[in-house]
2 protein chains.
Amino acid sequence: MSDMPSCQFESRPRRIMMGPSGLQTDFCATCTVRPNSVCNVIDEGDISRLAEAAVETIIPPGRGFIEEGAPATDFFNVTAGTVKLFKALPDGRRQITGFAAPGHFLGLAVSDSYAFGAEAIDTVRVCRFSREKMTELLDDFPKLERRLLEEASNELVAAQNQMLLLGRKTARERVASFLLDQMRIGQPPAGNGGPCRLNLPMTRGDIADYLGLTIETVSRTLSWMRSQGMIEVGKGYAITLLSVSRLDVLASGNG
Amino acid sequence: MSDMPSCQFESRPRRIMMGPSGLQTDFCATCTVRPNSVCNVIDEGDISRLAEAAVETIIPPGRGFIEEGAPATDFFNVTAGTVKLFKALPDGRRQITGFAAPGHFLGLAVSDSYAFGAEAIDTVRVCRFSREKMTELLDDFPKLERRLLEEASNELVAAQNQMLLLGRKTARERVASFLLDQMRIGQPPAGNGGPCRLNLPMTRGDIADYLGLTIETVSRTLSWMRSQGMIEVGKGYAITLLSVSRLDVLASGNG
DNA sequence: CGATCAATTGACATCAGTCAAACGCAGTGG
DNA sequence: CCACTGCGTTTGACTGATGTCAATTGATCG
């Protein structure tokens with residue numbers, strides 16, 4: 001599907017403000033995703049330590065930047081765009097294990113090689129940390145470790161939900177679950193129940209690989225939902241959820 | 001399938017040796033699973049702190065001891081037997097998200113309620129830690145936090161593998177993957193390639209719920225493997241792997 | 001306008017699920 | 001000792017949801 005060249009970064013070393021003392025200062029201080037990311041455990045006073053360790057990298061759409069099985073040299077924090085994480089079988093079958101939105105931390109594999117691949121869906125910006133810098137940060141900021149554990153636990157919960165979806169839900173239930181999940185990402189938790197417009201960054205193929213279905217089944221299912229008045233399929237990647245409640249019933253297996 | 005009574009423990013407060021100073025001593029020091037569990041990061045000198053916090057609990061076969069959605073009051077460390085972890089849909093469909101063998105740490109969910117249920121397969125022994133005690137331990141032993149992060153990362157990798165299995169593998173590939181995984185649990189990593197006898201603690205139903213299949217399909221697939229000379233199905237829960245290499249080819253999708 | 005690529009739709013095939021029967025084994029009680 | 005029961009497993013016949021293959025539509029971009 002994608003050519004997946006071996007990990008090539010289009011890194012552009014970030015221009016960093018220098019403070020009076022010559023120390024790097026507030027490159028991270030102005031980061032818009034910090035409140036939602038693991039970085040939020042670093043105090044204002046220590047923020048320059050973070051900026052020092054991070055290298056901002058821009059990744060164009062479709063470019064792979066983590067190769068499954070390659071040596072795990074870096075950690076990443078997504079600051080813009082959406083990344084797909086996946087595993088593949090030798091014959092090309094692919095399972096997307098998750099989508100990483102801004103704030104998401106990547107690279108939690110403990111082993112010395114990545115257990116999954118990663119590819120930019122749209123234009124992605126990440127903060128890259130070398131393994132060494134990351135180790136230093138972990139040693140100096142115990143809070144960071146606790147925060148990463150929290151992050152990992154949340155991912156585990158998401159993974160368990162996905163296993164339930166992949167192992168036991170029907171195609172309609174899977175698509176409904178997916179749409180609701182996507183809604184919860186963009187929306188504040190208190191959804192008002194009214195129509196909700198989504199702008200999905202990923203293709204039908206990505207959705208299929210995420211839900212363990214084929215492109216055709218995803219397309220047919222969306223068409224069926226449209227025929228039922230549950231959603232509206234706009235042009236491009238827009239989908240409007242017309243009846244969140246009915247999708248909810250479907251997603252939880254009571255359709 | 002199981003009646004799952006609300007969490008009832010058959011706790012028997014562990015008899016603990018008292019040292020000269022009146023402090024509890026080496027209940028954990030003699031623990032056979034400590035080398036493989038998160039507890040191995042606590043130094044000998046501090047081992048009594050661990051013993052102080054742990055309550056050993058015996059759980060009979062079939063008894064549920066974590067209920068999905070219930071308040072997450074305790075953490076567990078499995079010391080004997082096998083536990084199944086699962087999520088369920090309202091209509092009873094069930095996905096087993098993993099099996100916890102001795103050494104496995106349970107309860108990593110950060111939220112205040114359990115994201116999964118847990119039930120003993122055979123007679124299970126666990127060390128139970130209250131949330132408060134666990135927090136104390138984490139505060140006092142930073143190494144423990146790092147170790148838990150490692151554990152969580154490993155579980156994430158396993159979860160990603162399982163997503164690939166559930167989303168993209170055929171029934172034969174799933175069963176082959178499962179048998180090989182089970183072999184690797186019991187065996188030291190250097191499998192000699194010769195026949196390998198497994199004694200699975202779980203029923204066909206559990207295997208089916210783990211692999212996202214039905215009992216019938218699991219049974220048929222095992223019969224097919226037997227007809228191919230790949231395995232031997234003994235009475236009870238014994239299965240002998242006759243050709244690990246052919247199972248390997250199957251499991252990785254080149255069957 | 002033609003080329004390309006993603007998405008949709010249709011016709012058909014198939015893998016795994018469903019329903020049902022039979023088997024094997026263990027435990028119980030006559 | 002044997003009949004009876006319960007439960008998990010195996011096997012068979014059939015069904016159906018989803019995959020496969022293929023044609024069409026629609027959007028984007030030179």
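Computed from a predicted structure; not experimentally measured. Note on naming: letters A, B, ... go to the chains in the order of the sequence lines (proteins, then strands), and numbering restarts at 1 for each one.
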Undergrad: What integer distance in Å separates A/Arg93:CZ from D/dG19:C1'?
TA: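 Rounded to whole Å, this separation is 13 Å.
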Undergrad: Reckon B/Arg226 touches a base, only the sugar-phosphate, or nothing at all at heavy-atom distances under 4.0 Å?
TA: sugar-phosphate
Undergrad: On DNA chain D, check which nucleotide each of A/Val218 and B/Tyr237 is closest to and give me the residue with the more 5' one.
TA: B/Tyr237
Undergrad: Whole Å only: how far is the CG atom of A/Leu166 from the P atom of D/dT18?
TA: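 Taking atom P of D/dT18 as the reference, CG of A/Leu166 is at 13 Å.
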Undergrad: Tell me, please, which residues at least two apart from A/Glu151 pass salt bridge (charged side-chain N to carboxylate O under 4.0 Å, His left out).
TA: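 Partners of A/Glu151 under the salt bridge (charged side-chain N to carboxylate O under 4.0 Å, His left out) test: A/Arg147.
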Undergrad: Using the closest heavy atom to pick a nucleotide of DNA chain C for each, name whichever of A/Arg168 or A/Leu222 lands nearer the 5' end.
TA: A/Leu222
Undergrad: Mind checking ring-ring contact (aromatic ring centres under 6.0 Å, His included) for B/Phe129 and listing every partner two or more places apart, or none if nothing turns up?
TA: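 Partners of B/Phe129 by the ring-ring contact (aromatic ring centres under 6.0 Å, His included) criterion come out as none, since no residue qualifies.
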Undergrad: Distance check needed: D/dG19 P versus B/Lys169 NZ, whole Å only.
TA: 18 Å
Undergrad: Between B/Glu216 (CD) and D/dC14 (P), how many Å, whole number?
TA: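 Nearest whole value for this atom pair: 17 Å.
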Undergrad: Would you kindly say whether A/Lys87 and A/Thr97 are connected by a side-chain donor-acceptor distance under 3.5 Å?
TA: no
Undergrad: Does A/Thr170 put a side-chain nitrogen or oxygen below 4.0 Å from OP1 or OP2 of D/dA17?
TA: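 Negative; the distance criterion is not met.
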Undergrad: Mind checking what makes side chain to side chain contact (heavy atoms under 4.5 Å, CB included) contact with B/Ala171, not counting sequence neighbours?
TA: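 With sequence neighbours excluded, B/Ala171 shows a side chain to side chain contact (heavy atoms under 4.5 Å, CB included) to B/Leu213, B/Thr217, B/Thr221, given in chain and number order.
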Undergrad: Looking across every strand, which nucleic acid part, if any, lies under 4.0 Å from B/Leu213 by heavy atom: base, sugar-phosphate, or nothing?
TA: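 Since only primed, P, OP1 and OP2 atoms lie under 4.0 Å of B/Leu213, the category is sugar-phosphate.
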Undergrad: Sort and list the pairs that fulfil salt bridge (charged side-chain N to carboxylate O under 4.0 Å, His left out) and have at least one residue in residues 242-255 of chain B, not counting sequence neighbours.
TA: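 Every pair satisfying salt bridge (charged side-chain N to carboxylate O under 4.0 Å, His left out) with a residue in residues 242-255 of chain B: B/Arg184-B/Asp248.
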Undergrad: What is the first contacted nucleotide of DNA chain C and what is the last, in 5' to 3' order, if contact means an atom lying under 4.0 angstrom from a heavy atom of chain B?
TA: C/dA16 to C/dC19
Undergrad: Where do A/Tyr114 and A/Asp74 land on the side-chain contact (heavy atoms from CB on, under 4.5 Å) test, with the steps shown first?
TA: CA-CA 10 Å; A/Tyr114 293 116; A/Asp74 293 284; 3.8 Å; yes
Undergrad: What residues form a salt bridge (charged side-chain N to carboxylate O under 4.0 Å, His left out) with B/Arg226, not counting sequence neighbours?
TA: none
Undergrad: Could you check whether B/Ser219 gets within reach of a base, just the sugar-phosphate, or nothing at all, counting any heavy atom under 4.0 Å?
TA: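 Touches a base.
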Undergrad: Relative to the 5' end of DNA chain D, which residue comes earlier, A/Arg220 or A/Lys235, by the nucleotide with the nearest heavy atom?
TA: A/Arg220
Undergrad: Could you give the CD1-to-P distance, from B/Ile215 to D/dG12, as a whole number of Å?
TA: 18 Å
